[in-house]
Structures are given as structure tokens and as C-alpha cells.
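Since the structure comes first, as C-alpha cells, the remarks are kept for the end.
Every chain is numbered from 1, with letters handed out A, B, ... down the list of sequences.
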Amino acid sequence: MSQEKAPIPLGSNFIRAIVDKDLEQGVYASRKWAGTPGDATHQAAGQPDPAKIRTRFPPEPNGYLHIGHAKSIFLNFGLARDYNGVCHLRFDDTNPEKESQEYVDSITDSVKWLGFGWQNGGESNLYFASNYFDFMYRAAEALIENGHAYVDSQSAEEMRINRGTLTEAGKNSLWRERTVAENLALFREMRDGKHADGSLILRSKIDMASPNINLRDPAIYRVRRAHHHNTGDKWCIYPMYTFAHPIEDALEQITHSICTLEFEDQRPFYDWLLERLAEAGLLAHPLPKQYEFARLNLTYVVLSKRKLIQLVEEKHVSGWDDPRLPTLAGARRRGYVAEGFKLFTDRIGVSKADSWIDYSTFEDCMREVLNINAERRIAVLDPIKLVIDNYPVNSVEDCFAPNHPLKPELGKRIVPLTRELWIEREDFMEVPSKGYFRLTPEGMVRLRYGYVVKCTGCEKDANGNVTVVHCEYLPDTKSGTPGSDSVKVKGNIHWVSAQHAYECEVRLYDRLFKEAHPGQGQTEDGHDRDFLTDINPNSVTVITAQLEPSLKDAKAEDSFQFERHGYFVADKIDSVAGKPVFNRTVTLRDAWQK
RNA sequence: UGGGGAGUCGCCAAGUUGGUUAAGGCACUGGGUUUUGAUCCCAGCAUCCGAAGGUUCGAGUCCUUCCUCCUCAGCCA
């Protein structure tokens with residue numbers, strides 16, 4: 001037998017390699033889980049954790065989720081699913097000034113929409129960092145008691161100056177050597193509201209000369225009188241991310257804490273903190289470990305929270321769920337589908353290399369799943385009349401159109417054929433360009449699912465614009481009859497009976513930005529370019545289209561392929577029963593360059 | 001300029017302890033099928049792994065030097 005290499009598992013990446021190794025070595029085998037988050041004592045009373053690994057998706061509820069978050073969601077929830085683990089949804093709500101319930105709600109919605117949940121057996125793994133404030137306070141006191149933290153009286157400005165620079169060491173604060181008793185007293189006073197916002201701050205005591213600036217006594221607790229969406233006015237001191245996040249992970253028995261690259265420099269503090277708290281008996285080994293991956297960069301969109309907020313607040317878009325926005329709420333309204341996100345995240349992989357993904361890669365993923373899932377319908381978006389002059393005036397004839405060419409079991413539906421039809425303006429050319437094989441004078445074309453017709457001419461208005469096209473049909477050539485192949489034509493155009501058509505509003509969306517990297521580069525006079533100048537002025541076109549009658553019954557969020565055009569969805573918000581309006585999700589690929 | 005990361009086909013990305021022909025996907029290019037110029041099918045697509053040296057029977061994988069890019073100086077996350 002030859003020694004063949006084991007096949008590389010699909011979707012292999014460096015994080016899976018780490019998990020594989022950890023599992024193989026039993027790194028987390030001794031973990032216990034009491035059913036809820038808690039400290040060492042709490043967990044020690046629990047059972048061996050049935051979850052092989054625990055991951056978490058920890059958004060701050062201060063904005064809407066976007067495509068970049070989808071990458072993280074699929075990574076974390078996907079890992080848990082594939083390794084018999086559990087993934088927690090945790091709101092990292094340690095800064096009350098920016099956070100709100102509105103964001104909490106939209107985030108839970110989006111996670112569910114992508115197909116994930118937090119119910120695992122009998123437990124609900126939906127958590128809030130703010131529910132750990134009591135423990136965090138206790139942990140801070142423990143740090144103080146063990147000489148690992150002190151209360152600083154420097155102003156923010158002084159702290160900044162004394163932190164040093166990238167190349168120069170910082171200077172110790174004058175208050176760095178306060179006694180444990182003094183620190184404890186002051187910290188309690190901070191908690192009890194005896195000090196003004198910004199007047200005192202709790203810092204960890206590590207090394208002001210560290211080459212890693214994040215280790216120069218980072219701030220861990222600040223005084224901030226602000227109403228918290230979850231804890232109300234209970235606290236006037238709040239922990240910093242740096243301090244809070246490792247603790248959240250540890251209390252939840254997270255094994256693999258996965259975040260983006262910009263937190264790499266934070267990892268030494270993450271480990272330092274957890275070790276100190278383990279020494280103090282508050283946490284037990286094995287402790288969670290942090291791993292970092294490259295965040296998503298997508299061409300033709302902006303994903304920074306600041307820019308998204310600006311687009312919404314300055315009303316360049318209609319709201320957080322504008323179909324042109326890369327938010328998950330917007331994507332959903334646009335007609336993008338969860339399964340497409342799954343395909344996309346599988347396809348782009350996970351690594352530590354900074355990369356830019358072409359927006360078309362994302363669109364292709366959506367096309368791919370929509371092609372499989374979406375039923376076909378007929379829509380004329382830019383209508384022009386076609387009259388079949390040799391067809392009886394009051395006749396209505398049934399034609400049969402398959403609902404899905406790849407799924408015959410979905411059956412066919414009837415589309416009525418009459419003498420006067422709507423066809424696509426671009427399907428007729430009086431003077432055809434090279435390679436054009438649709439309707440032209442004297443030319444023949446098939447009316448899809450109907451007859452072959454021969455063009456006999458057209459009418460024009462005073463400006464020379466074509467207003468009506470005339471043709472005659474070949475009675476023996478109806479689709480589905482033996483004679484249908486008697487006349488071979490290359491062109492095949494879609495149509496809708498003018499008498500039966502559903503006249504409907506359709507929004508044709510295009511990219512929000514006309515540049516691959518909005519705002520990148522500099523202006524002629526050397527300033528940074530404003531990303532707003534790259535907004536595509538034609539990112540949406542609202543038209544009145546003529547749709548096949550059955551489309552009247554479409555329900556909000558139903559997706560269809562409008563044949564020869566693309567994928568469209570009945571708008572989630574603006575559709576009314578019996579009167580849906582459609583959004584173009586993405587066009588079909590078009591290999592024919594005019 | 002200090003610390004921490006990253007550089008494999010146009011875009012992503014495997015490549016675990018060095019082992020002989022550098023996965024796969026997307027894109028692209030040919031050809032076929034097709035009542036969507038869609039889909040689908042078939043074929044092609046890196047003598048080369050940021051660069052230059054070196055170690056070795058053998059290097060994308062080890063060593064040295066260099067280059068480029070990202071990231072850190074919030075009482076944001």
C-alpha cells in the first residue's frame with residue numbers, strides 16, 4: 001500500500017489547525033462547566049464541559065452588523081458546530097455612552113437570519129458583559145490587593161504624555177507607588193461616586209518601559225456617570241475593553257477567543273491579566289487563548305463603523321437597512337441570502353494576510369445559491385410594444401413556463417399570450433450591431449415558451465424613437481409542440497401580455513461607490529480624499545416594469561430570477577399583499593459585451 | 001525610527017515534523033450542451049513560492065541579510 005497523504009479537509013485554515021491540535025492533546029479536557037458563566041469556584045462545582053470547544057461572537061451593541069461581521073459569525077459559530085462545541089453570542093457592552101437596545105435587537109436579528117442561535121440543549125448562551133460587572137469589580141480589587149493595579153490621579157493629558165512614544169519609554173506616574181490600602185480606598189470611592197468623571201483611573205501596574213505600548217500600565221477602570229442600557233445607573237465606573245474582554249471569555253469558559261489582527265498587541269495583556277486572576281484563585285486553568293485573523297476588506301464598499309454611520313446620518317442612504325449598504329440588514333433587504341454568505345465565507349477562507357476581496361466574488365456567491373433556489377419568472381423592465389399582426393385580436397392562449405429549469409418537480413405555470421405584448425426595448429434593433437441575434441427587421445426570434453415570430457417592421461415617433469415593433473408569428477412553432485423545432489432560431493426573447501401584465505415598481509440597485517477603494521489616495525493638493533466623493537450617483541434607479549401576472553402574489557422577501565435579467569426580491573418593507581415591489585439583488589452574468 | 005504581524009497564479013488560499021510533478025476555489029481563455037447571450041460540462045491556466053545569498057542528496061518549508069505592506073502612543077472596542 002502506498003503512503004498517500006491524507007486529503008486536506010475543505011476549509012482548512014490556521015485556526016482549525018490549532019483546534020485540531022488542542023483537541024488531540026487534550027488541552028481543554030479538564031474544563032468544567034456549571035451551566036452558566038462564573039468564576040473558578042462556580043465552574044469547579046460543575047460537570048466536565050460537554051462542549052469540546054467554546055467560541056464566542058462578541059459585538060459591541062453600538063452599530064449594525066455588516067458583511068465583515070458575517071465572516072466572524074461564520075468562523076465562530078461554524079467552528080463550534082464542526083467541533084461539537086458551542087458558540088456564545090455576547091454583547092460587549094462596557095461603554096454605556098455608545099450602546100443601546102436598538103443595536104442589541106438588530107444584532108440578534110442578523111445573527112438569527114444568518115442561521116445561528118444560542119440555544120444549546122437546555123442553556124441559552126446569550127450573554128452580556130455588563131452582567132459580569134460585579135465579578136470585574138472583584139477582580140480589580142484582587143489586582144490591587146496583589147500589587148498589580150493602582151489608582152492614578154494624572155489627567156488623561158498627563159497620562160498621554162507620560163506614556164512615551166513608539167520609540168521612547170514612558171515615565172512612571174507619581175501615583176504609581178500608592179499603598180494597597182490607599183489604592184483600595186480610592187477605588188472604592190470611585191465606585192461610590194466620590195470622584196468626578198476623569199479625575200481618577202485604575203491602571204494595571206506592569207511596565208512603563210515596555211516596547212509594547214499596550215503594556216505600559218493600561219487603564220482598566222474609568223469613572224463615567226452614564227446610564228447603561230442593561231445595568232441602568234447601578235455603576236458609575238466601567239471597565240475598559242482591555243480588562244473586560246479576557247474576563248468575559250474566562251467566565252464563559254471560552255477556549256478559543258478569536259478576534260481580528262488589530263488586537264494582536266493586546267494579547268500579552270490578555271494573558272497577563274488572566275494569569276494574575278488565576279494566581280488570585282478567581283479563575284482556573286486552562287485559561288482561554290486569543291487568536292487573531294485578518295478582517296474582511298471588500299472592494300466597492302465601506303465597512304468602517306464611522307463611515308456607515310455617516311452615510312446613514314447624512315442621509316446618503318435611506319437608513320441602516322438601505323439595500324445598497326453592506327449591513328446585514330441592508331443585505332437582507334437587497335435580497336442577498338444567508339446561504340450565500342455561508343458560501344462566501346467558505347470561499348474566502350481565514351488567514352492572517354491582509355487581503356482585499358473583489359465585490360464580484362461576493363455577488364457570484366449570491367448568484368450561485370440564488371440560481372439553485374430562486375424560481376424563474378418573466379419581467380419586462382424597459383417595455384416596448386410588440387404587436388403580432390397575424391394573431392387574432394381577442395385571443396388569449398396559455399403558454400407553459402417551467403418554474404425552475406433545474407427542478408422540473410416544481411412544475412410549470414401558465415403565462416397568457418395575446419396579440420399585444422411587452423418586450424424589452426433592447427431586444428429590438430433596427431440596425432443590429434455585429435453579433436446581435438435578437439429581433440431585427442426581417443429577422444426571426446422565438447418568443448420564449450411561445451412561438452417563433454418574424455419581424456415585419458416598426459413605428460417611430462417624431463424624434464425617431466421606436467414606439468411599436470410589428471411581427472407575424474409562425475403558427476406551427478409553439479413551444480412544446482412537435483413543430484417547435486421546425487424553424488431554428490438563435491434568439492430567444494421574453495415577453496409579457498400587455499393586457500395581463502402587472503405594472504410594478506422595481507428598484508435597480510448598483511454599487512454604492514464607483515471606486516474600488518472609496519476615499520483611498522489623496523487629492524491634488526495633498527489632502528486625504530473624502531470617501532463621499534466616490535459615491536455612485538446612479539446607485540439606484542426606480543423603474544416601472546411590466547411583470548407576468550403571477551408575480552402579483554409574491555410575498556415579502558420572496559426571491560425570483562427574472563429570466564435574462566437577474567435575481568430580484570420582493571421588498572421586505574414596502575411590499576403590500578397583492579402589490580409587491582421588487583429590488584434587484586444582482587444581475588445575471590452577461591458574457592455578451594455590446 | 002521601538003514592538004507586534006503579513007508577503008505562495010489576476011483575487012483568495014492549502015501547503016503540520018524539509019522529500020522529489022506547488023492543493024483547491026474564484027476570475028480568465030478555448031470547446032461542447034442549452035427555448036435564459038444564464039446555468040451546466042470538458043480542457044487550459046505558477047519550472048515557481050517578496051528579493052538575494054547560504055545549509056542540504058533534496059527547501060515554499062531551515063539559516064542570514066534586505067525589501068514591501070499592515071498594526072500599536074483612547075479614561076473607544
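- On a pure distance criterion of 3.5 Å, no polar donor-acceptor pair joins the side chain of Asp590(A) and the base of rG37(B).
- Residue Arg224(A) places none of its side-chain N or O atoms closer than 4.0 Å to OP1 or OP2 of rC75(B).
- Taking side-chain N and O atoms only, Arg438(A) has no distance below 4.0 Å to OP1 or OP2 of rU35(B).
- For Arg376(A) against rU36(B), a side-chain N or O and a base N or O form a donor-acceptor pair under 3.5 Å.
- Within the structure, every side-chain polar atom (N or O) of Arg589(A) is placed at least 4.0 Å from both OP1 and OP2 of rC26(B).
- Put simply, the residue from Arg413(A), Arg448(A), Arg376(A) that forms a salt bridge (Lys or Arg N to Asp or Glu O under 4.0 Å) with Glu548(A) is Arg413(A).
- Stem regions for RNA chain B, each three or more consecutive Watson-Crick or G-U pairs with both distances under 3.5 Å and listed by first number, read B:2-7 with B:67-72, B:10-12 with B:24-26, B:28-32 with B:40-44, B:50-54 with B:62-66.
- Contact annotation: Ser351(A) side-chain N/O to rA13(B) OP1/OP2 distance is under 4.0 Å.
- Within the 4.0 angstrom heavy-atom criterion, only backbone atoms of the sugar-phosphate kind lie near Asn214(A); the bases stay farther away.
- Among the nucleotides rG37(B), rA13(B), rA73(B), the one closest to the side chain of Thr165(A) is rA73(B).
- Side-chain contact between Asp20(A) and Tyr83(A) is present, with at least one heavy-atom pair separated by less than 4.5 Å.
- Using the six-membered ring where Trp is involved, Tyr436(A) and Trp592(A) have ring planes that are tilted, between 30° and 60° apart.
- A donor-acceptor pair is defined here as one N or O able to donate and one able to accept, closer than 3.5 Å; no such pair exists between the side chain of Arg377(A) and the backbone of Ser550(A).
- For Thr94(A), a side-chain nitrogen or oxygen approaches OP1 or OP2 of rA77(B) to under 4.0 Å.
- At whole-Å resolution of the value, CZ in Phe293(A) and P in rG5(B) are 18 Å apart.
- Between Asp427(A) and Arg564(A), at least one side-chain N (NZ, or NE/NH1/NH2) sits under 4.0 Å from a carboxylate O, which counts as a salt bridge.
- Using a cutoff of 4.0 Å between basic side-chain nitrogens and carboxylate oxygens, Arg176(A) and Asp152(A) are not scored as salt-bridged.
- Between Ser360(A) and Asp265(A), the one whose closest nucleotide on RNA chain B sits nearer the 5' end is Asp265(A).
- Base contact: Gln561(A) has a heavy atom under 4.0 Å from a base atom.
- Contact check on Glu426(A) versus Arg438(A) returns a salt bridge, with a Lys/Arg side-chain nitrogen under 4.0 Å from an Asp/Glu carboxylate oxygen.
- Between Arg216(A) and rC72(B) there is no side-chain N or O to OP1 or OP2 distance below 4.0 Å.
- Stacking of the aromatic ring of Tyr241(A) onto the base of rA77(B) is not found under the criterion of centres within 5.5 Å and planes under 30°.
- In the interface, the side chain of Arg267(A) is not paired with the base of rG4(B) through any donor and acceptor atom under 3.5 Å apart.
- You'll find that the side chain of Pro211(A) is closest to rG2(B), out of rC12(B), rG2(B), rA77(B).
- Comparing the P positions of rC48(B) and rC66(B) gives a spacing of 26 Å, expressed to the nearest Å.
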